[in-house]
Amino acid sequence: MKRVFILGGTAEARELAARLHPEHVVVTSLAGRVKAPRLPVGAVVIGGFGGSLGLARWLWEHPVDVVVDATHPFAAKMSEAAAEAAGMTGIPLLGLRRPGWTQEPGDDWRWVSSLEEAARSLPGKRVFLTTGRRSLPVFDGVPGVWFLARSVDPPDDPVSMEVVLSRGPYTLEGELALMREHRIDSLVTKDSGGELTRAKLRAARELGVAVVMVRRPPIPPEVPYVETVAEAADWVRATE
């Protein structure tokens, strides 16, 4: 049985664990940033490793044949640590990243490269933030703007904005109702991709709401990557 270590926290990571278990021994790592995470099948370890050296040490101490980085597309530090740890240990590493979203006719998207750039270029005065609770301090205090922020868990520190706690998947009807109720004229989001939260983009298109879209950080160039769980599962099975 192959021993597979998945850097997880995404729906794709959970699906991959389910596909590989019990054919292989599967261990999934979660960062521990969400208080009640959705757990995958197989063994789970929760918490950080302390950078690439800490992750490499963990891999040396625990028998692992392959590693799949199926973290969030914006977990750049974890992906960099995984690439460095794989180089130290010689363990094969694959990146699994779902495709980003594609702009469609009728969309009004403004691409930016960082949250800070997004905060400097807000096109409206009633802004819906769906960038995660850790990003809220970047926007807190922007003059003349009212914010509605959505996150799974409450912010770590108090913020002067309205916060709604919710976990996807979301429906088009629900997103339309939320944006209409709060008279949203701008949406700020990350190019996370996937279907769980795509409805907000469809609602923004239908309501004429401008979208500030934060670009993804690059995947470490030395790491091969795939876009589907099926491809990742095939790679695990084929890797010697």
Side-chain angles (χ1 to χ4, degrees), residues 1-34 36-49 55 58-59 62-83 85-86 89 91-104 130 132 152 167-171 189-202 213-240:
M1 298 176 71
K2 195 167 291 181
R3 296 159 297 188
V4 184
F5 187 53
I6 301 174
L7 299 170
T10 60
E12 290 77 18
R14 293 190 296 273
E15 183 182 344
L16 180 61
R19 283 196 181 217
L20 296 175
H21 177 84
E23 177 186 354
H24 304 290
V25 177
V26 180
V27 180
T28 300
S29 168
L30 302 178
R33 293 177 178 173
V34 177
R38 293 169 174 161
L39 298 178
V41 299
V44 176
V45 295
I46 297 179
F49 296 97
L55 177 55
W58 192 95
L59 294 172
H62 299 79
V64 170
D65 294 308
V66 295
V67 178
V68 179
D69 173 16
T71 55
H72 192 276
F74 282 81
K77 290 184 179 179
M78 188 67 250
S79 293
E80 291 171 3
T89 61
I91 298 174
L93 169 66
L94 178 75
L96 170 57
R97 291 290 184 276
R98 58 181 175 259
W101 287 313
T102 301
Q103 192 167 354
E104 299 183 16
T130 63
V152 176
R167 189 198 298 263
Y170 301 103
T171 65
T189 191
K190 298 175 179 177
D191 184 21
S192 300
E195 293 299 320
L196 289 178
T197 61
R198 186 192 295 269
K200 63 189 173 187
L201 301 176
R202 295 170 177 156
M213 184 72 73
V214 183
R215 295 184 182 90
R216 294 181 174 192
I219 293 175
E222 66 272 26
V223 178
Y225 78 96
V226 295
E227 293 185 337
T228 69
V229 172
E231 290 174 303
D234 289 343
W235 177 88
V236 168
R237 295 182 179 114
T239 302
E240 298 295 335

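Residues: numbered from 1 along the sequence shown.
Contact record, Ser192 with Arg216: O-NH2, 2.9 Å, taken as the closest heavy-atom pair. Heavy atoms only, all atoms of each residue included: Lys200 and Trp101 are closest at CE-CH2, 4.0 Å. Considering every non-hydrogen atom in both Thr10 and Ala70, the closest pair reads OG1-O, 2.7 Å. The two atoms that bring Val229 and Glu12 nearest to each other are CG2-O, 3.7 Å, heavy atoms only. Considering every non-hydrogen atom in both Val64 and Ile91, the closest pair reads O-CD1, 4.0 Å. Between Ala17 and Thr28, the shortest heavy-atom contact is CB-OG1, 4.1 Å.
The side-chain heavy atoms of Asp69 and Val223, taken from C-beta on, include no pair separated by under 4.5 Å. In this structure, Thr189 and Leu201 have side chains that are in contact, with non-hydrogen atoms separated by less than 4.5 Å. Counting only heavy atoms from C-beta outward, the side chains of Val66 and Trp235 approach each other to under 4.5 Å. By the 4.5 Å heavy-atom criterion applied to side chains, Thr197 and Thr130 are not counted as neighbours.
Taken from OH in Tyr225 to CG in Leu93, the straight-line distance is 14.0 Å, to the nearest 0.5 Å. Here CE of Met213 is found 8.0 Å from CD of Gln103. Values are rounded to the nearest 0.5 Å. Separating the CZ atom in Phe5 from the CG atom in Asp65 is a distance of 13.0 Å, to the nearest 0.5 Å. Separation of atoms CD1 (Ile6) and OG1 (Thr71) is listed at 12.0 Å; rounding is to 0.5 Å. To the nearest 0.5 Å, the span separating OG1 on Thr228 from CG on Asp234 amounts to 8.0 Å. Of the inter-residue distances, the one linking Lys190 atom NZ with His72 atom NE2 reads 6.5 Å to the nearest 0.5 angstrom.
By the 4.0 Å N-to-carboxylate-O rule, Glu195 lies close enough to Arg198 to be salt-bridged with it.
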| Yes or no on side chain to side chain contact (heavy atoms under 4.5 Å, CB included) for Glu231 and Leu94, after CA distance, side-chain angles and deciding distance? | CA-CA 10 Å; Glu231 290 174 303; Leu94 178 75; over 6 Å; no
| query | What do the steps show when you test Val25 against Lys2 for side chain to side chain contact (heavy atoms under 4.5 Å, CB included), and what is the final call? | reply | CA-CA 6 Å; Val25 177; Lys2 195 167 291 181; over 6 Å; no
| said: Test side chain to side chain contact (heavy atoms under 4.5 Å, CB included) on Leu30 and Leu39; report intermediate values, then the result. | reply: CA-CA 9 Å; Leu30 302 178; Leu39 298 178; 3.7 Å; yes
| task | Please assess Ser29 against Phe49 for the test side chain to side chain contact (heavy atoms under 4.5 Å, CB included), listing each intermediate value before the final yes or no. | result | CA-CA 10 Å; Ser29 168; Phe49 296 97; 3.3 Å; yes
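Although no hydrogens or angles enter the test, the distance criterion places no donor-acceptor pair under 3.5 Å between the side chain of Arg14 and the main chain of Gly8. Although no hydrogens or angles enter the test, the distance criterion places no donor-acceptor pair under 3.5 Å between the side chain of Arg237 and the main chain of Leu20.
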